[in-house]
Amino acid sequence: MSRSSPWETLRSVVRFGRIETDPVERRLARAASVADLRRLARRRLPGGVFDYIDGGAEDERTMAANQAAFARVGFRPRVLRGVEKVEVGSTLLGKPLAYPLVLAPTGFTRIADPEGELAVARAAQRAGLPYTLSTLSTRSIEEVRAVSDGRLWFQVYAWRDRGLVKEMVERAAAARYEALVLTVDTAMLGRRERDVRRGFSLPPTIGPGTLLDGALHPGWTWAFVRSEPIRFANVAGRSVGDGASPVTLSDYINTQFDPALAWDDVDWLRSVWDGPLVLKGVQTVDDAVLAAERGVEAIALSNHGGRQLDGAPATFPLVAPVADAVGGRSEIICDGGVRRGSDIAKAVAAGATAAMAGRAYLYGLGAAGERGVDRVLGWLQADLTRTLSLLGAGRIGDLDRSLLDLP
Ligand code: GLV
């Protein structure tokens with residue numbers, strides 16, 4: 001055995017990397033997954049803000065079930081299939097996207113980062129993915145279009161004042177939004193007990209109860225007080241209330257939104273909108289069939305991330321029976337619990353055209369702003385590519401149920 005000096009051995013292994021001076025990059029360098037960014041967001045955001053994003057309804061059983069459903073289903077990888085190059089590009093509503101993912105609408109995105117929806121829209125365009133702007137956004141339909149030439153969808157809630165809905169739909173059309181996403185699972189707001197306990201309002205208030213929380217999160221607090229006030233940007237200055245005085249989301253939704261939404265309203269929405277319609281919040285095979293019979297272009301299977309009816313079914317297990325019953329009449333989007341590219345692969349293999357995710361990018365935004373969103377969207381694409389490669393699938397079209405170990 002030849003002997004070498006300890007110095008020689010050390011010299012061969014010691015490497016001093018460049019010291020990262022940018023605090024955001026330093027933070028991101030410590031994260032390898034969406035779960036890591038969630039932990040960073042938890043540290044960076046005041047408790048009330050983090051819990052509003054992270055929490056679900058009541059016992060959070062449905063929220064947990066969404067992720068557990070993906071965890072329960074494994075893969076049946078095929079080998080020796082000669083797949084040299086993997087291509088994850090796909091199409092949805094007749095147009096290309098970089099990989100089968102849509103960014104879900106999320107309300108009040110500026111509470112996670114002052115750039116809010118603008119940051120998410122820019123990141124989505126860079127990633128080649130559609131972004132759905134929420135009716136309850138904190139940047140307006142027009143402001144978001146001004147920063148993105150990418151695919152934008154607009155999410156619609158049924159305001160009691162249908163004139164307001166019509167006006168928003170017209171604004172979305174004028175700003176070249178491609179699709180409307182009608183949310184149908186919010187007759188009333190689900191009881192998010194974390195928000196109830198904290199007395200969480202929108203915009204968040206700074207008072208005796210939250211002062212300490214704010215002081216413990218100086219980065220967020222400083223950015224919050226330096227940026228312009230958070231408003232429900234699509235209804236700025238309107239009589240329905242625009243957040244100029246803080247409200248609880250349940251008071252707002254329960255007074256402003258129509259709980260009596262029905263299939264006729266879907267027909268009405270069609271009469272005021274020429275483009276594709278996505279119905280978000282379908283949770284049974286029966287309703288999916290009714291939606292397909294009505295000619296809805298896409299059905300987003302969703303329980304609102306477990307934020308509405310606790311006890312509603314997890315979404316991923318609905319994909320296969322819904323795909324079978326709908327038989328290609330409408331495209332199917334699987335929303336809820338998506339944290340990894342492998343979840344997207346599972347949803348598509350089961351029969352969805354695409355997956356949809358909200359919290360995944362919000363954790364990135366809360367942890368590291370726009371670059372955090374870029375990071376998440378990049379990881380999901382890389383994850384998906386690797387998953388296909390290890391499954392022996394060369395293209396999104398090669399994903400089918402034979403690759404899933406379904407219970
Ligand atoms: C709004 O739609 C929410 O889920 O908080």
Side-chain angles (χ1 to χ4, degrees), residues 41 45-58 60-64 66 102-113 116-117 120 131-139 141 153-160 165 168 180-204 230-235 240-243 246-259 261 278-283 300-310 312 315 333 335-338 356-363 365-366:
L45 301 174
V49 171
F50 177 79
D51 273 342
Y52 169 68
I53 293 168
D54 190 64
E58 300 179 27
E60 302 188 340
R61 291 200 177 110
T62 294
M63 183 173 91
N66 280 342
V102 180
L103 280 77
T106 58
F108 319 106
T109 306
R110 282 189 59 211
I111 64 171
D113 179 89
E117 291 85 357
V120 183
Y131 169 50
T132 316
L133 184 71
S134 165
T135 281
L136 295 177
S137 57
T138 41
R139 296 286 185 189
I141 294 169
W153 297 3
F154 182 63
Q155 178 265 343
V156 182
Y157 274 125
W159 299 81
R160 290 174 195 262
V165 180
M168 281 195 204
L180 282 191
V181 178
L182 177 65
T183 298
V184 292
D185 59 15
T186 309
M188 291 181 75
L189 195 75
R191 185 173 165 82
R192 293 109 187 237
E193 293 179 4
R194 299 196 212 183
D195 298 350
V196 174
R197 272 180 222 114
R198 290 187 187 271
F200 184 71
S201 66
L202 289 156
I230 290 180
R231 292 279 183 276
F232 307 165
N234 291 321
V235 289
V240 289
D242 63 1
V247 284
T248 66
L249 188 57
S250 55
D251 282 348
Y252 195 74
I253 285 191
N254 297 346
T255 52
Q256 296 300 342
F257 294 172
D258 184 357
L261 194 66
V278 182
L279 222 52
K280 176 171 175 285
V282 172
Q283 300 164 70
L301 297 172
S302 173
N303 47 44
H304 215 119
R307 295 161 75 81
Q308 286 297 100
L309 177 66
D310 200 26
T315 40
I333 299 170
D335 173 55
V338 173
M356 188 180 242
R359 284 192 190 85
Y361 75 75
L362 283 182
Y363 293 138
L365 187 69

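Numbering of ligands and ligand atoms starts at 1, following listing order. What you see below is based on every heavy atom in this structure, not just the backbone, and it leaves out hydrogens, waters and symmetry mates.
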When rounded to the nearest 0.5 angstrom, what is the spacing between CD1 in I111 and CD1 in I53?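 Answer rounded to 0.5 Å: 5.0 Å.
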Plane angle bin for Y361 and Y131 - parallel if under 30°, tilted between 30 and 60°, otherwise perpendicular: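 Aromatic pair Y131/Y361 classed perpendicular.
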Mind telling me whether Y157 and H304 have parallel, tilted or perpendicular rings, with 30° and 60° as the class edges?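 Rings of H304 and Y157: parallel, as their planes differ by under 30°.
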Of all the heavy atoms in [X], does at least one lie under 4.0 Å from an atom in ligand 1?
X    : answer
F108 : no
Y157 : yes
R192 : yes

Is D51 salt-bridged to R197, going by a charged N under 4.0 Å from an acidic O?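 Salt bridge: no.
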Taking only heavy atoms of H304, which atoms of ligand 1 are found under 4.0 Å from at least one of them?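 Going through ligand 1 atom by atom, the ones under 4.0 Å from H304 are 1 (C), 2 (O), 3 (C), 4 (O).
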Using a 4.0 Å cut-off to any heavy atom of Y52, which atoms of ligand 1 qualify?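 Those of ligand 1 that fall under 4.0 Å from Y52 are 1 (C), 3 (C), 5 (O).
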With a 3.5 Å distance limit and no angle check, can you tell me whether R139 reaches the backbone of A233 through a side-chain donor-acceptor pair?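 Not at all, since once roles are kept as given, no pair shorter than 3.5 Å links the two residues.
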Just need the protein heavy atom nearest to atom 4 (O) of ligand 1, so name the residue and atom and give the distance.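 Ranked first by proximity to atom 4 (O) of ligand 1 is R307 NE, 2.8 Å.
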Write down the atom of R359, the atom of M63, and the distance for their closest heavy-atom approach.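 Heavy atoms of R359 and M63 come nearest at NH2-SD, 3.3 Å.
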Under 4.0 Å from ligand 1, counting heavy atoms only, is it the side chain of L189, its backbone, both or neither?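 Neither part.
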